[in-house]
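Have a look at the structure below before the remarks.
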Amino acid sequence: MGFFVFLPLVLPLTALPIARLTEQHLHPRGAARLLTGFSIVMALCSAVSLGLIGVVGTAQLPGNPLPDSWSDPEVRDALPYHETVGTAALLVLAVVLLAVGRTLVRHLRIRARARRALGRALPAASDVALLPDPAPYAYALPGSPRSPGRVVVSTGMLEGLAEDERAALLAHERAHLTHRHHRHLLATQLAGCVNPFLRPLQRAVAYSAERWADEESAQAVGDRRITARAVARAALASRTAPAAYTVFPAFAAPGPVPRRVAALLGPVPTARNWPPARTPAGLAALVAALGTAASALCALNAAVALLLVLKAVTPL
């Protein structure tokens with residue numbers, strides 16, 4: 001397998017330039033989908049790489065993860081190994097799995113609690129759940145097979161907005177539900193747990209999801225300035241936020257609100273899902289695509305090489 005098995009752990013760095021340039025050259029819809037795809041593939045390859053390094057590095061240690069049928073000394077001798085690196089890889093993989101599990105459980109727990117609270121307080125007669133709360137907030141609560149998604153908004157948020165701005169807010173949150181932005185956010189958050197180099201992509205996807213919903217809202221109300229004004233006023237009014245803000249897309253979520261407002265006051269973004277080739281963004285996208293492909297090939301090559309070695313030396 002050689003050093004190629006280590007490459008998936010560092011190749012996510014190739015996606016950092018495109019994470020910074022997508023907002024300038026891509027439609028937010030294309031940026032969110034592209035970066036989410038990069039994150040998922042690179043995270044899976046990183047996890048496979050850690051597992052392979054751990055298996056090979058601990059090949060001669062008691063209690064190693066190889067099957068009992070591969071415990072012959074000839075098999076151990078045929079595998080390159082470094083006990084320290086292998087043990088460290090398994091420990092890191094255990095930490096990664098713990099972080100992924102905690103993140104997923106936390107997401108599902110907050111989602112379940114929010115749905116139960118809304119079910120007790122407000123029957124699902126409408127897709128908008130208006131809560132009598134002076135704290136200003138609004139977020140999109142994803143649906144489930146048993147019940148549809150809902151827009152959760154407080155009276156404190158609506159009181160700070162004009163009528164047309166309220167329409168922009170509701171259109172924004174409905175766009176989050178329609179396009180299932182919570183899946184993009186969860187996928188990139190889990191990817192960031194697997195490999196810290198992917199966390200900039202997580203932040204870029206969160207921003208792109210908000211911009212995507214901003215554009216949908218502006219199209220729904222027919223005036224980009226109304227949406228821009230609603231975003232700005234909601235951000236100024238927000239002081240505290242419920243736990244759901246950290247899990248689901250939120251209208252006044254913490255982040256680069258001035259950039260969102262500036263984008264809404266500018267021209268409509270072009271409907272591109274890939275930047276022009278002869279631009280810095282096009283070059284960055286190509287580098288990220290090559291890095292993702294190389295990561296997948298390295299992980300696959302290392303896995304196949306391990307299986308071939310084990311098959312060749314395992315006694316019949």
Side-chain angles (χ1 to χ4, degrees), residues 18-36 128 134-140 151-182 184-185 188 199-242 244-273 275 279-281:
I18 190 60
R20 299 175 182 177
L21 294 173
T22 49
E23 65 181 87
Q24 303 173 14
H25 301 275
L26 288 182
H27 191 281
R29 175 183 60 249
R33 290 173 175 172
L34 182 66
L35 297 179
T36 300
V128 178
Y137 55 84
Y139 59 90
V151 175
V152 180
V153 59
S154 68
T155 53
M157 174 64 79
L158 293 185
E159 289 173 356
L161 301 177
E163 189 67 29
D164 53 359
E165 295 167 354
R166 295 175 184 174
L169 179 150
L170 296 179
H172 177 104
E173 297 304 335
R174 287 182 175 127
H176 283 315
L177 294 176
T178 300
H179 299 292
R180 303 181 185 275
H181 290 166
H182 64 283
H184 293 271
L185 300 184
T188 53
R199 289 176 183 172
L201 274 70
Q202 173 189 342
R203 293 189 290 269
V205 168
Y207 173 75
S208 297
E210 293 301 327
R211 283 284 301 116
W212 183 355
D214 287 343
E215 292 299 328
E216 294 282 331
S217 172
Q219 185 176 4
V221 300
D223 191 333
R224 298 172 63 80
R225 290 184 174 274
I226 292 176
T227 302
R229 193 167 63 241
V231 170
R233 287 189 176 179
L236 290 174
S238 297
R239 293 294 182 270
T240 60
Y245 260 25
T246 62
V247 175
F248 308 129
F251 188 67
V257 171
R259 283 161 52 198
R260 289 173 56 193
V261 173
L264 284 167
L265 295 178
V268 178
T270 57
R272 281 198 197 102
N273 293 323
T279 62

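We number each residue from 1, following the sequence as shown.
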Item to complete: Looking only at non-hydrogen atoms, find the nearest pair between L201 and A19 and report the distance.
Response: CD1-CB, 4.0 Å

Discussion item. Ignoring hydrogens, what is the shortest heavy-atom contact between A218 and L264? Give both atom names and the distance.
Written reply: CB-CD2, 4.3 Å

Discussion item. Donor-acceptor check, side chain of T188 to backbone of H184, threshold 3.5 angstrom: yes or no?
Written reply: yes

Discussion item. I'd like to know if the side chain of R224 and the backbone of G266 have a donor-acceptor N/O pair within less than 3.5 Å.
Written reply: yes

Worksheet item: So, H27 side chain and R29 main chain: donor-acceptor pair closer than 3.5 Å or not?
Response: yes

Worksheet item: Which heavy atom in T155 sits nearest to a heavy atom in P134, and how many Å separate them?
Response: OG1-N, 4.4 Å

Worksheet item: Side chain of R233, backbone of L161: donor and acceptor closer than 3.5 Å?
Response: no

Item to complete: With the side chain counted from C-beta on, respond yes when E210 and V257 share a heavy-atom pair under 4.5 Å apart, and no when they do not.
Response: no

Discussion item. With a 3.5 Å distance limit and no angle check, can you tell me whether T227 reaches the backbone of A168 through a side-chain donor-acceptor pair?
Written reply: no

Worksheet item: Just how far is it from atom CH2 of W212 to atom NE2 of H181, taken to the nearest 0.5 Å?
Response: 4.0 Å

Discussion item. Tell me whether R259 at atom CZ has more than 12 heavy atoms from other residues, nucleotides or ligands lying less than 6.0 Å away.
Written reply: yes

Discussion item. If you define the side chain from C-beta out and look only at heavy atoms, does anything of V268 sit under 4.5 Å from Q219?
Written reply: no

Practice prompt. Kindly compute the distance separating CG (L35) from OH (Y207), expressed to the nearest 0.5 Å.
Written response: 12.5 Å

Worksheet, complete the sentence: Only residue of V231, V221, V153 satisfying side chain to side chain contact (heavy atoms under 4.5 Å, CB included) with L169 is V153

Worksheet entry | L177/V151 under side chain to side chain contact (heavy atoms under 4.5 Å, CB included): CA gap, chis, key distance, verdict | CA-CA 8 Å; L177 294 176; V151 175; 3.9 Å; yes

Item to complete: To the nearest 0.5 Å, tell me how far S217 OG sits from E165 CD.
Response: 10.5 Å

Worksheet item: Which pair of non-hydrogen atoms, one from A228 and one from V261, has the smallest distance, and what is that distance?
Response: O-CG2, 3.9 Å

Fill in: Smallest separation among heavy atoms of E173 and Y139, with atom names
OE1-C, 3.4 Å

Worksheet item: So which heavy atom on M157 is nearest to which on A138, and how close?
Response: CE-N, 4.2 Å

Practice prompt. Can you measure from CD1 (I18) to CG (L34) and round to the nearest 0.5 angstrom?
Written response: 6.5 Å

Worksheet item: For atom CZ of R180, is the number of surrounding heavy atoms from other residues, nucleotides or ligands below 6.0 Å larger than 12?
Response: no

Fill in: Rounded distance [0.5 Å steps], CZ in R225 versus CG in D164
13.5 Å

Worksheet item: Side-chain donor-acceptor pair under 3.5 Å between H176 and E216, yes or no?
Response: no

